[in-house]
Number of protein chains: 2
Amino acid sequence: MAAVQLKEAQDRFVAVWGQMGSAWGISRTMAEVHALLYITGEPLCTDDIMERLQISRGNASMSMRALLDWGIVERVHRRGDRKEYFKAEADVWAMFRAIVRERMKREVDPLRAQLYEIRDQTGERAGREQSADLGAHNKRLDDLLRFFQALEGVSNSFVSPAGRGLQAAAKILGYIGGAPGIGGLGKESDDTKEAG
Amino acid sequence: MAAVQLKEAQDRFVAVWGQMGSAWGISRTMAEVHALLYITGEPLCTDDIMERLQISRGNASMSMRALLDWGIVERVHRRGDRKEYFKAEADVWAMFRAIVRERMKREVDPLRAQLYEIRDQTGERAGREQSADLGAHNKRLDDLLRFFQALEGVSNSFVSPAGRGLQAAAKILGYIGGAPGIGGLGKESDDTKEAG
DNA sequence: CGGAAGTTTCAGAAACGATTGAAACTCGCC
DNA sequence: GGCGAGTTTCAATCGTTTCTGAAACTTCCG
């Protein structure tokens, strides 16, 4: 019977997505909650999630809050129902833009700031000579800083409001660099806002 | 005295880099070992690393092996010395290409494979009708698969031998999307191969 | 072949992050 | 204000991952 088959596929997706999450420094549960919301497509409440994922209320609540902070899940209210429901961003590209934006903000930007500080710590004191060692050290830091600057640039043009840029670039680069199509997946879908 | 200042800056870099590593799912020590090799620029042996990082021999050995597997550190032999020395890839872009290549291979490719399987599990049985729910489920999986296909494409063109492509693109996109230069860092350096 | 120098492995210990569950809190309503 | 439905917080616990240290192994040399 089809409902069972669907549920199994969903569970499998949840497991896979959760595993991926933990490989990328995201708590497994948080990724699982997101997976569940994404794959079911419909708004779920805390109790739905607790039951389906067999996790505690506290954990479900924390994970939901985190997902809201990341901007890839939103609150939904139903008239005549006091409970809050949650629904995942349905547009995959919007979702990854949000993730990139957040990780840059939380991890890469502070890292850059720290690297600057370290660089300053051994910076040239106006015109004073420095040892070859210090020079090489500074050059290595500068190389890294330049790389992160480039990364920041790429990320901005992906993330920004008009940020369809990289999406287009990805398509082009995708065809240059890789296989020209997923066999059997058929046409591009434009209706990414299906559940909006 | 300059040597102390340098050592402090190095230590700080090691700490920062290690912290970043753990945020991205890499063991802290492994990132620290890499940081140390990168920032000192010279080949170090296991004992050097043990002492400087205050870690056990076993841990140092494991971390070194992992870094070799990732292809961002290489063995160096010194004539008349039986010990093995290790040296980090000095070209930042080459380093990140290696990282992207490995993470795609280890994490994204298997993920894609699993998503395909899940998709097959609920695929259209030749011409048979399916419920709206199943259709929507399949569409969501397809969206994800298409995204990862695009990602694969971008990554390939970044990683491939002629993979300077994205590096150039990054530069262009960087200027479109972000601030046009790091104040005080001066000219682009072309001598990324400093340590051969 | 025996031994010294160096490297790798691995079982157990320690450290760390995730998870629970119950108490505290908030909010809307009577 | 007091109640009930729902949500959040947090100290304690649990589970995983990482790290250690000692033993096993490998390699080179006389």
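This one's a predicted model, so the numbers in the text were calculated from it and none came from an experiment. By convention in this document, chain letters (A, B, ...) are assigned in the order of the sequence lines, proteins followed by strands, and residues within each chain are numbered from 1.
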I need the [atom1]-[atom2] distance between [X] and [N], as an integer number of Å.
{"X": "B/I55", "N": "D/dT20", "atom1": "CD1", "atom2": "P", "value": "7 Å"}
{"X": "B/I49", "N": "D/dT20", "atom1": "CD1", "atom2": "P", "value": "14 Å"}
{"X": "B/E84", "N": "D/dT27", "atom1": "CD", "atom2": "P", "value": "11 Å"}
{"X": "B/M62", "N": "D/dT20", "atom1": "CE", "atom2": "C1'", "value": "11 Å"}
{"X": "A/Y85", "N": "D/dG6", "atom1": "OH", "atom2": "C1'", "value": "12 Å"}

For A/I39 and B/L141, what are the C-alpha separation, side-chain angles and deciding distance, and is it a side-chain contact (heavy atoms from CB on, under 4.5 Å)? CA-CA 8 Å; A/I39 202 64; B/L141 283 177; 4.0 Å; yes
Is B/K139 paired with B/D142 through a side-chain N to carboxylate O contact shorter than 4.0 Å? no
Looking at [X] and [Y], would you say the former's side chain and the latter's main chain have a donor-acceptor pair under 3.5 Å?
{"X": "A/S61", "Y": "A/R57", "answer": "no"}
{"X": "A/Q54", "Y": "A/E51", "answer": "yes"}
{"X": "B/D48", "Y": "B/C45", "answer": "yes"}
{"X": "A/R75", "Y": "A/E84", "answer": "no"}
{"X": "B/Q5", "Y": "A/Q121", "answer": "yes"}
{"X": "A/R140", "Y": "B/T40", "answer": "yes"}

Please work out whether the ring planes of A/W24 and B/W24 are parallel, tilted or perpendicular, with thresholds of 30° and 60°. perpendicular
Taking N or O atoms only and anything under 3.5 Å, show me the protein contacts with nucleotides 28-30 of chain D, one pair per line.
none

Shoot me the first and last contacting nucleotide of DNA chain C against chain A, ordered 5' to 3', at under 4.0 angstrom to non-hydrogen atoms. C/dA18 to C/dC27
If you group Ile, Leu, Val, Met, Phe, Trp and Tyr whenever their side-chain heavy atoms sit less than 4.5 Å apart, what else falls in with A/V76? A/Y85
Nucleic acid contacts - residues 12-31 of chain A versus DNA chain D, non-hydrogen atoms under 4.0 Å: none
So B/F147 and A/M95, side-chain contact (heavy atoms from CB on, under 4.5 Å) or not? Walk me through it. CA-CA 11 Å; B/F147 172 82; A/M95 173 181 119; over 6 Å; no
Go through the structure and list residues passing salt bridge (charged side-chain N to carboxylate O under 4.0 Å, His left out) with B/D109, not counting sequence neighbours. none
Nucleic acid contacts - residues 63-77 of chain A versus DNA chain C, non-hydrogen atoms under 4.0 Å: none
side-chain contact (heavy atoms from CB on, under 4.5 Å), that's the test. Do B/F148 and A/V92 meet it? Break it down for me. CA-CA 10 Å; B/F148 281 113; A/V92 179; over 6 Å; no
